[in-house]
Amino acid sequence: MSRGAQSNVFAISSLILALALSVVPVPQGIALFKPDWVAVLLIYWTITQPFRFGLFTAFAMGLALDVLTGDLLGQNTLALITVVFLSLRFHLRIRAFPVSQIVGSVIVMLALYQFILFWIDGVAGRSVSPLARIGPVVSGAIFILIALVTRDTGERNTRTRIEA
Amino acid sequence: MAVSDSKTAVGSRALESLALRFVLLTLVCFSMMLADHRDNHLSRVRQALSIIVYPIQLAVDFPFSAYAWLRDSTEDRTNLAAENRRLDQALTEAEFRLQQFEALSVENARLRELLDATSSLDDRRLVAEVLSVDLDPYRQRFVLNRGVDDGVFVGQAILDRHGVVGQVVSVAQWTSEAVLITDADHALPVVVNRNGLRTIAVGTGDQGRLRLPYLTNTADVEVGDLLVSSGLGEVFPSGYPVARVLELQSRPGQAFADVIAEPVSALDRDQEVMLLFSDIEAHVNAVDIAELR
């Protein structure tokens, strides 16, 4: 029990860290490749531990991100709940994939995330920058890849524990 | 763990409720965006939520401000002395120019009285610090450490010691969000200081570049001309330096020339800026702000 609570604290603080990371100032060149930390992390958590976070967590995180970045209230929220819905809906299938396909589906989800942001920017009449949307998708996918590969041994351990 | 149970028994029900929740939350999102986009109905909600994220902003800013503090407090004595001398010189120079300014402002007021025109040279100011928080790499926006509690309002002009920096777009309890004049969504009315030619300076999204898209090929503009705010937009008071003309290219066959200007304020290096309170705050044009958002 205390172990579960401990890992809960870890997961929640990782989300707060993701919020902070998404507004940390970085040099211009790197900024183009700044991943959407919150989206990446929520996808990761929902795929690996689908019963920990749900749509409401995504909703709350999205609202916080909207307020933090000064976007339209609901813009990041909509993008986040869409992505989290997809990863929750298909987490069983995605988990059965080999790593390359997991990364592929994450790329699709992150691209969808960026597209929703881009689309709402366009509808709301704000300036859009289509090319700059590619960087975060690439870096986010790389991050997921690294997280999955480094986690691989741990994942195997938990699987055997669940099955036992 | 009940992982294997939920797969079979609750399977379809759980999926249905997941889809239902998703649809509901999507509707909530759309209505929020609509309410926020039209007339800023949700400014109260945003204000309340901003209190929750304030600690995150402070935490992100902390290492940067701590580093600045550390650098300041461990500054070399010789450096300090040199800086002191330099500031002393600058102050003397500024005071020297201020002597003329006093006389000129009195003369200006007298002339304006003769012309029966209003003048407002003394505006109240409030110094604000720029928090080291990066909102979006593709927009020129930043966060200030002053909010509703300090009387900051939407549409307030922001200056630094060189010239116009930007304006406030949303206010929270203790912070506010500002847009730079170089943001691609920003435009401000300016006049060429040399001859009073009025035009509009539009942001490019590139820090250090403004565009003047509405100057004809034959307009009397030269490289190096100073552009000052004209006060026509009723956001920025008139007479503050905005930019200097950097490039000028007349395009035969086109209606307008291609004019690029460079902002005079240190937009990317500003740590402290000034929020301006002047009598224009009473009738800030709501349309301007609605268009800006």
Side-chain angles (χ1 to χ4, degrees), chain A residues 16-17 19-28 30-34 50-51 54-56 58-60 62-82 84-86 88-89 92 117 120-121 123-129 132-133 135-136 158 161-163, chain B residues 1-4 6-7 15 18-19 21-26 28-37 42-43 45-53 55-57 59-61 63-64 131-139 141-143 169-170 172 177 179 183-185 203 205 207 268 291 293:
Chain A
I16 292 173
L17 184 71
L19 273 182
L21 275 180
S22 52
V23 290
V24 163
V26 288
Q28 273 283 277
I30 305 172
L32 290 176
F33 286 94
K34 194 157 96 174
F51 300 101
L55 282 178
F56 286 102
F59 187 79
L63 271 188
L65 206 55
D66 284 329
V67 174
L68 214 51
T69 57
D71 285 330
L72 268 185
L73 220 52
Q75 182 170 8
N76 287 295
T77 317
L78 179 67
L80 266 186
I81 60 170
T82 310
V84 167
F85 170 71
L86 285 181
L88 273 180
R89 174 75 181 73
L92 288 176
L117 294 183
I120 294 169
D121 268 347
V123 172
R126 302 168 77 162
S127 61
V128 291
S129 38
R133 303 279 175 184
T158 46
R161 206 170 61 236
I162 287 168
E163 277 155 15
Chain B
M1 279 286 243
V3 180
S4 50
S6 64
K7 266 190 232 167
L15 265 183
L18 180 69
R21 267 180 295 165
F22 173 63
V23 170
L24 281 180
L25 287 178
T26 307
V28 171
C29 280
F30 272 111
S31 41
M32 271 197 311
M33 280 189 284
L34 216 62
D36 197 26
H37 187 49
L42 293 181
S43 60
V45 178
R46 192 182 281 273
Q47 220 165 327
L49 286 173
S50 72
I51 294 175
I52 302 173
V53 298
I56 295 180
Q57 289 174 324
V60 170
D61 178 62
F64 296 94
L131 291 185
S132 296
V133 172
D134 191 15
L135 298 181
D136 185 339
Y138 318 116
R139 295 183 205 288
R141 290 177 187 232
F142 55 91
V143 179
V169 280
S170 78
E177 193 193 321
V179 56
D183 188 283
D185 288 340
Q207 234 160 30
D268 49 343
E291 268 170 16
R293 276 209 61 88

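Chain naming here is simple, since letters A, B, ... match the order of the sequence lines and numbering starts at 1 in each. What you see is a predicted model, and the numbers here were worked out from it, not measured in a lab.
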Side chain, backbone, both or neither: which part of B:Ala19 has a heavy atom under 4.5 Å from chain A? both
Where do B:Asp36 and A:Leu73 come nearest, in terms of heavy atoms and distance? OD2-N, 2.7 Å
Can you see which heavy atom on B:Val60 is nearest to which on A:Pro25, and at what distance? CG1-CD, 4.1 Å
Check salt bridge (charged side-chain N to carboxylate O under 4.0 Å, His left out) between B:Asp183 and all other residues, then give those that pass, not counting sequence neighbours. B:Arg141
I'd like to check A:Val123 versus B:Met33 (side-chain heavy atoms, cut-off strictly below 4.5 Å). Are they in contact? no
Applying a strict 4.5 Å limit to non-hydrogen atoms, the region of A:Asp121 in contact with chain B is side chain
Quick one: pull up CG in A:Leu68 and CD1 in B:Ile52 and give me the separation to the nearest 0.5 Å. 11.5 Å
If you look at every heavy atom in B:Arg46 and A:Asp71, which pair is closest and at what distance? NH2-O, 2.8 Å
Smallest heavy-atom separation, A:Thr69 atom then B:Glu177 atom, equals O-OE2, 4.2 Å
Non-hydrogen atoms of chain B under 4.5 Å away: do they reach the side chain of A:Ile120, the backbone, both or neither? side chain
Between B:Leu25 and A:Phe59 the two heavy atoms that sit nearest each other are CD2-CD1, 3.7 Å
When rounded to the nearest 0.5 angstrom, what is the spacing between CG in A:Leu80 and SG in B:Cys29? 9.0 Å
Counting only non-hydrogen atoms closer than 4.5 Å, does B:Val28 touch chain A with its backbone (N, CA, C, O), its side chain (CB onward), both, or neither? side chain
Look at atom CZ of B:Phe64 and say whether more than 12 heavy atoms of other residues, nucleotides or ligands are closer to it than 6.0 Å. yes
Got a second to check how far B:Met32's CE is from A:Leu63's CG, nearest 0.5 Å? 4.5 Å
Bottom line for A:Thr82: the part with an atom under 4.5 Å from chain B's heavy atoms is both
OG1/B:Thr26 to CD1/A:Ile81 distance, rounded to the nearest 0.5 angstrom? 4.0 Å
